[in-house]
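In what follows, a structure is listed as structure tokens, so that the remarks can point back to it.
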Amino acid sequence: MEARHEARHAIAIDREILMLFAEESTRERAFRLLMKHYQKRLYWHVRKMVIDHDEADDLVQESFIKAWKGLSNFRDESALYTWLYRIATNLCLTHLANKRKRFFLPIHDITPDLEAQLKASSASDSAGRIEYKLQQALLRLPDKQRLVFNLRYYEEMPYEEMSQVLGTSEGALKASYHHAYKKVENFLKQH
Amino acid sequence: MSPKAVVNENQNFGTKALPFEAPYGYFENLPNKVWAKTQVEPAKIFWKQPTFRYGLASFLLLSLAWWIWKPVSSLDATQEELNALATVEIADYLLTHSDPQGMVLMAQTAPVNWEEILPSHVAISAEDAWSLVDESEIIAAWEEL
């Protein structure tokens, strides 16, 4: 019931943003509204992927700038937020892929780098806590599985919307989540 | 377990909290930061700019025009430059000629058609052309042969 209410509210907000965007004089208001409603969700989505705040900040800013510049071409076929997620997700995946390919060296495993960032970003007393261990487990997953896990576990995004964000079938997403879930479970049992 | 069953799986690992936080005041400042960036014109790539393109097109057109009209432009050269040019052409002609004396003699009886010998862009009359030729030098050269 609450989820349905939230979805309706999100649709109303999206409409308002697009309406305000259509008029030159209210465009800044549209932007403020867009940021107000989506900045936190997008930031945490990106932060969970790249861990480091500064990198997440850059990617979130880039995502909003890209979205803002492309808003005039936005088709009303999907929700604004799934479109924003798609932009941010693609930027995250590209960013992580570039990190692996740095200096033209063979594919570089960035898990230790991400773990180091996790350690640096977390409070000093958090090392033994479950949320820290859960992140450690997630950093061992392939990027796309981690994405699926984050969207499903933390954000409780329905598979239908995830499918729109990631451009993958619902069946494949369910399988991916299942694999990720099992790997995380095993890691937590062992550590 | 089939993937479908996962949907009903207990999705709780004990927490949904994250071990890291956003810096204090970050979300208050973010909209202003991003808005400022949306107002900045992207860095202009110089070769995509109309000024550069028009400049390049003008340069190419002018180069083409200069290349086509270059021979004509020598008509505007000073008389001194023209004489120097003519002298070179005449000397070249005479040196390749096997009988300079005959040439001179022939020229005396049936004047050389200098207009044919000299390139069309050398604006010089036959009279001026002969005035540039030192007949004695030609004859001396011929005698050495």
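Sequence lines set the chain letters: A, B, ... in the order given, protein chains first and strands last, and positions in each chain run from 1. Values reported hereafter were calculated over all heavy atoms of this structure, with side chains retained and with hydrogens, waters and symmetry mates removed.
By the 30° and 60° cut-offs, the orientation of the rings of A:Tyr154 relative to A:Phe149 is perpendicular. Note on ring orientation: taking the six-membered ring where Trp is involved, the planes of A:His45 and A:Tyr85 are tilted (angle from 30° to 60°).
Listed by chain and residue number, A:Tyr43, B:Tyr26 satisfy the ring pair (Phe, Tyr, Trp, His ring centres under 6.0 Å) test with A:His53 (two or more places apart in sequence, or in another chain).
Contact count against chain B (heavy-atom pairs under 4.5 Å) is highest for A:Gln39 among A:Gln61, A:Gln39, A:Lys40. Interface remark: of the candidates A:Asp57, A:Val60, A:Leu34, A:Val184, A:Asp57 forms the most heavy-atom pairs closer than 4.5 Å to chain B.
In this structure, the portion of A:Gln135 lying under 4.5 Å from any heavy atom of chain B is its side chain and not its backbone. Contact annotation for A:Glu28: both backbone and side-chain heavy atoms come within less than 4.5 Å of a heavy atom of chain B. Contacts between A:Leu173 and chain B at a heavy-atom distance below 4.5 Å are absent for every atom of the residue.
Put simply, the residue from A:Asn90, A:Leu84, A:Thr89 that forms a side chain to side chain contact (heavy atoms under 4.5 Å, CB included) with A:Arg86 is A:Asn90.
The two residues A:Ile65 and B:Val34 have their closest heavy-atom pair at CG1-CG1, 3.9 Å.
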